[in-house]
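Numbering starts at 1 and runs along the sequence shown. From a predicted model like this one, the values you see are computed outputs, not experimental measurements.
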Amino acid sequence: MNASMSETVTPSAGQGRIDWALRGMPVLKAIEKRLTESGTLVGLRVGVALVLEPKTANLALALNRAGADVSVYCVGRNTDGRVASALAEAGLQVFAEEGAGDERDLELARDFLRTKPDILLDDGASLIRLAHREFPELVASMLGAAEETTSGVRPLRAMNDEGALHIPVIAVNDAKTKYLFDNVYGTGQSCVMAMLDITNLQLAGRNVVVVGYGWVGTGVAKHAAAMGARVIVTELDPIKALQALHDGYRVLSLADAAPQAEVIFAATGIAGVVTAAHVADLPSGAILCTAGGGAFELPMDYLDSTGTGRIVREAITEYTLPSGKTVQVISEGDCLNCADAEGNPIEVMDLSLSLQALAAEQIATEATSWAPGVYPISVDAENAVAVIRLRHEGATLEPLTDELTAAMRSW
Ligand SMILES: NC(=O)c1ccc[n+]([C@@H]2O[C@H](COP(=O)([O-])OP(=O)(O)OC[C@H]3O[C@@H](n4cnc5c(N)ncnc54)[C@H](O)[C@@H]3O)[C@@H](O)[C@H]2O)c1
């Protein structure tokens, strides 16, 4: 077992957090029942490489109870050690140590892949890429994988275009019951709330720049505006920019917005979108954080090269620029909701993680005949998640009668 065991926190603390999350995960419970009854996953090795916190722990436990042999991996900065300990106590193989550095993370990742998962549930495609680079014999024997997020699906498509992807991967991110809810409402809420909790500041009256108005940027802008921020959106895509304008935000290039940007949320998933030149133009005291893909969106190399970084409060690093201005970076530029808060809200992750479980089912039952490639999750799975959740909320759907069907087809 490789779980970190904190000396001060008992495993039951982790179990308590896992149990609390499960209360808000009715869809996952229903999918676990379906998988248990079908026995689809019995005897299969499933590797779960997601942010390690109470909600993803429930996915791992649900798959385990449904008969899969589950191992779990996560980088140290996204690992809740209490939860890791609880999973190890429950008998899962855990390759995650809270606070581990890059070198140790890589060792753990390799050990995790040595468990030879038949199915890999990944986030950011890091483990799928590592497997392709270093474990070709594992890749050859895998049934397939599922990918959680936009910045994982993008490189997988690029690999596939170059003929370098050797397994079928289901793009869980691209399910409507994922990106329309998790990326927008979940990440919007959790990133804005994490920023407020970490800094103990308020957004009211502040100029907040949201870089990228995709699904995540939309949610961040909405939640920041709800807290009273004056939101400015930067975009490459004219249609997204026009949407931002219609949603009531100013739209400027980042070069134009920088001099007034008191807070920046990077939400693109693309490396280098905020540059050293942008940072030089920020007002002194500006706060930089990432809601999107990770620290690579910010000019961390440049900031570190100033040699001035100092931690001024937990999760806040202050840098002094050659001009004498200061800027503060939250969570060392990593996604702040996962690095220094609990990630997306439970209800929204119930949808995303249930889709991961259904992707595992689809890989086990159908992917054996699939060529390598990036595939959508089935429409049935996408809809099943919505239907279970709506039922749980006491919502009822309009019945589609023959008359309505005929009316919709009439011309
Ligand atoms: N933190 C989390 O919990 C969480 C959750 C979901 C997704 N994500 C990540 O957030 C990122 C964004 O996801 P998404 O679903 O919104 O993707 P998306 O593709 O819908 O949106 C990205 C947007 O950024 C824009 N963009 C790209 N380069 C830009 C630039 N230089 N300047 C301004 N705009 C630019 C694109 O035009 C696009 O509209 C991804 O990396 C994704 O993996 C994080």
Side-chain angles (χ1 to χ4, degrees), residues 24-41 62 66 144 146-150 153 156-157 160 168-189 213-219 221-222 237-248 344-371 373-411:
M25 305 183 81
V27 185
L28 184 64
K29 286 184 201 167
I31 305 299
E32 178 188 331
K33 186 165 179 284
R34 164 175 160 161
L35 289 171
T36 305
E37 285 169 3
S38 68
T40 304
L41 298 181
E147 170 52 43
E148 172 79 4
T149 197
T150 317
V153 172
L156 289 170
R157 290 220 160 90
N160 193 40
V169 183
I170 293 182
V172 166
N173 179 72
D174 295 357
K176 290 196 192 79
T177 27
K178 199 282 183 180
Y179 69 84
L180 290 177
F181 303 93
D182 175 323
N183 301 27
V184 180
Y185 301 98
T187 311
Q189 173 183 316
Y213 201 63
W215 302 113
V216 169
T218 310
K222 186 196 288 275
D237 178 338
I239 309 299
K240 298 279 181 186
L242 193 60
Q243 281 180 316
L245 204 69
H246 280 73
D247 288 340
N344 289 342
I346 292 168
E347 293 89 336
V348 102
M349 290 313 292
D350 187 31
L351 307 181
S352 305
L353 298 174
S354 297
L355 287 164
Q356 285 279 10
L358 288 170
E361 178 186 58
Q362 208 180 341
I363 292 165
T365 51
E366 296 173 32
T368 37
S369 61
W370 293 356
V374 180
Y375 293 83
I377 199 159
S378 73
V379 175
D380 281 353
E382 194 173 55
N383 286 341
V385 166
V387 168
I388 298 168
R389 179 59 181 280
L390 286 165
R391 202 179 294 139
H392 179 77
E393 299 295 339
T396 47
L397 277 178
E398 201 55 36
L400 184 57
T401 60
D402 292 345
E403 290 77 10
L404 282 173
T405 306
M408 288 190 290
R409 286 189 183 149
S410 69
W411 56 281

Can you see which heavy atom on D174 is nearest to which on R157, and at what distance?
-> OD2-NH2, 3.0 Å

K178 and E382 ion-paired at < 4.0 Å | no

Heavy-atom pair with the smallest gap, counting every atom of Q243 and Y213 | C-CE2, 4.0 Å

With sequence neighbours excluded, residues passing side-chain contact (heavy atoms from CB on, under 4.5 Å) with D237 = E235, I239, K240

Count the heavy atoms of every other residue, nucleotide or ligand shown that sit under 6.0 Å from OH of Y185, and state whether that count exceeds 12.
-> no

Side-chain touch N160/L156, heavy atoms, less than 4.5 angstrom | no

Measure the shortest side-chain to side-chain distance between L180 and W215 over non-hydrogen atoms and say whether it is less than 4.5 angstrom.
-> yes

Smallest heavy-atom separation, I170 atom then A359 atom, equals CD1-O, 3.8 Å

Can you tell if the side chain of S354 reaches within under 4.5 Å of the side chain of V385, non-hydrogen atoms only?
-> yes

Measure across A357 and L28 and return the closest heavy-atom pair with its distance rounded to 0.1 Å.
-> CB-CD1, 4.4 Å

Do N344 side-chain atoms and M349 backbone N/O form a donor-acceptor pair below 3.5 Å?
-> no

Heavy-atom side-chain proximity of V172 to V153 below 4.5 angstrom = no

Residues that T365 engages under side-chain contact (heavy atoms from CB on, under 4.5 Å), provided they are two or more places apart = T40

Do any side-chain atoms of residues 386-394 form donor-acceptor pairs under 3.5 angstrom with protein atoms, and if so which ones, sequence neighbours left out?
residue: R389; atom: NE; partner: E393; partner atom: OE2; Å: 2.9
residue: R389; atom: NH1; partner: E347; partner atom: O; Å: 3.1

Could you tell me which residues satisfy side-chain contact (heavy atoms from CB on, under 4.5 Å) with A66, sequence neighbours excluded, listed by chain and number?
-> L35, T36

Partner residues of E32 under the salt bridge (Lys or Arg N to Asp or Glu O under 4.0 Å) criterion, sequence neighbours left out | R65

Test side-chain contact (heavy atoms from CB on, under 4.5 Å) applied to M408 and L400, step by step | CA-CA 10 Å; M408 288 190 290; L400 184 57; 3.2 Å; yes

Taking all heavy atoms of A146 and all of I363, pick out the closest pair and write down the distance.
-> N-CD1, 4.1 Å

Hey, are the side chains of E148 and D182 touching, using non-hydrogen atoms and a 4.5 Å cut-off?
-> yes

To the nearest 0.5 Å, how far apart are CG in L245 and CG in L242?
-> 6.0 Å

Taking every heavy atom of A171 against every heavy atom of V374, the minimum-distance pair comes out as CB-CG1, 3.9 Å

Is there side-chain contact between M25 and L353, with at least one heavy-atom pair below 4.5 Å?
-> yes

Is the shortest heavy-atom distance from the side chain of L358 to the side chain of R34 under 4.5 Å?
-> yes

Sequence neighbours excluded, every pair satisfying salt bridge (charged side-chain N to carboxylate O under 4.0 Å, His left out) that has a member inside residues 399-411 = none

Side-chain contact, heavy-atom cut-off 4.5 Å: L355 with I377?
-> yes

